[in-house]
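Quick notes on the structure that follows.
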Amino acid sequence: MSPIEVGIDQVARKERMTALVDAERDKRIAAGFAYAGKVIQFREEDKARITGAATLAGFAIGQGALAGNLLWHGGVDPFEWITLDNSTIELDAPSMFAVGQRGAEHERAHIFAARTLKNMTTIPADFEADLYWPARP
């Protein structure tokens, strides 16, 4: 095999491994994060919902919503979130804002872990091992 063919093979392997690392990153982000002893899913649709509710919570805090007020969202029932195990947790505005912050950090940590792997000269074959990624919930 010529040096050019070896180089082409190395580039092709790096591209395949990079795509696999991205898929692992996305899977781990979607699996969610721990909050109040529960796991909050963070798939794309969850991310949008959490971002929206956390933004609403931030505005409510800015307008004086206090810890313990479960009606901060303007509804007639206490604000609740459905967790991975299909149970619910009640969240006041500061707690919902914290869920948004935790989700953002969860995603950021996984993006940087994936970047570290992709920056390696050779991505390890065991890149799916937990040792390369932030702790699971």
Side-chain angles (χ1 to χ4, degrees):
M1 190 177 287
S2 75
I4 292 174
E5 290 171 316
V6 169
I8 290 171
D9 285 348
Q10 289 171 339
V11 168
R13 180 189 185 281
K14 181 80 170 197
E15 288 174 359
R16 280 191 312 276
M17 293 300 287
T18 294
L20 292 171
V21 167
D22 287 345
E24 181 68 13
R25 175 203 62 209
D26 294 347
K27 179 181 85 173
R28 286 174 177 265
I29 289 170
F33 55 91
Y35 185 83
K38 297 290 185 174
V39 176
I40 308 294
Q41 287 178 296
F42 211 56
R43 301 164 300 182
E44 287 302 316
E45 61 271 24
D46 304 310
K47 206 180 302 185
R49 291 177 185 126
I50 289 168
T51 300
T55 300
L56 181 63
F59 286 131
I61 292 166
Q63 293 178 339
L66 300 174
N69 175 3
L70 297 174
L71 299 176
W72 60 269
H73 63 297
V76 295
D77 296 317
F79 186 86
E80 294 181 300
W81 200 264
I82 301 171
T83 64
L84 179 63
D85 67 2
N86 285 318
S87 63
T88 59
I89 54 174
E90 291 183 335
L91 299 168
D92 57 21
S95 297
M96 186 62 235
F97 194 78
V99 168
Q101 289 177 309
R102 182 89 44 96
E105 174 54 21
H106 169 74
E107 184 170 33
R108 186 208 62 79
H110 284 84
I111 288 168
F112 277 84
R115 173 52 39 211
T116 297
L117 283 163
K118 293 186 291 186
N119 284 348
M120 293 178 175
T121 302
T122 301
I123 297 172
D126 68 342
F127 69 89
E128 293 171 304
D130 288 342
L131 69 106
Y132 298 109
W133 300 96
R136 292 183 187 252

Just list the side-chain donor-acceptor pairs under 3.5 Å for residues 48-70, sequence neighbours left out, or say none.
| residue | atom | partner | partner atom | Å |
| --- | --- | --- | --- | --- |
| T51 | OG1 | K47 | O | 2.8 |
| T55 | OG1 | T51 | O | 2.7 |
| N69 | OD1 | L71 | N | 2.8 |
| N69 | OD1 | W72 | N | 3.4 |

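Two different hydrophobic clusters hold L131 and F112 under the rule that ILVMFWY side chains link at heavy-atom gaps under 4.5 Å. There is no path of hydrophobic side-chain contacts, each under 4.5 Å, that joins L84 to I89. Linking Ile, Leu, Val, Met, Phe, Trp and Tyr whenever their side-chain heavy atoms come within less than 4.5 Å puts L20 and Y132 in one cluster.
Closest approach of R28 and E128 over heavy atoms only: NH2-O, 2.7 Å. Nearest heavy atom pair, residue N119 against residue K14, reads C-NZ, 4.3 Å. Shown here for T18 and K118, the closest heavy-atom pair between the two residues is CG2-CD, 3.3 Å. Heavy-atom minimum distance, V21 versus I123: CG2-CG2, 3.8 Å.
Proximity of a side-chain donor or acceptor of R25 to a complementary backbone N or O of A113 within less than 3.5 Å is not detected.
No more than 12 heavy-atom neighbours from other residues, nucleotides or ligands sit within 6.0 angstrom of CZ on F97.
Relative orientation of the H106 and F33 rings is tilted, given thresholds of 30° and 60° on the angle between their planes.
Under the salt bridge (Lys or Arg N to Asp or Glu O under 4.0 Å) criterion, the residue pairs touching residues 76-95 are K38-D85, with sequence neighbours excluded.
Applying the side-chain contact (heavy atoms from CB on, under 4.5 Å) criterion to R43, with sequence neighbours excluded, gives A30, Q41, E45, D46.
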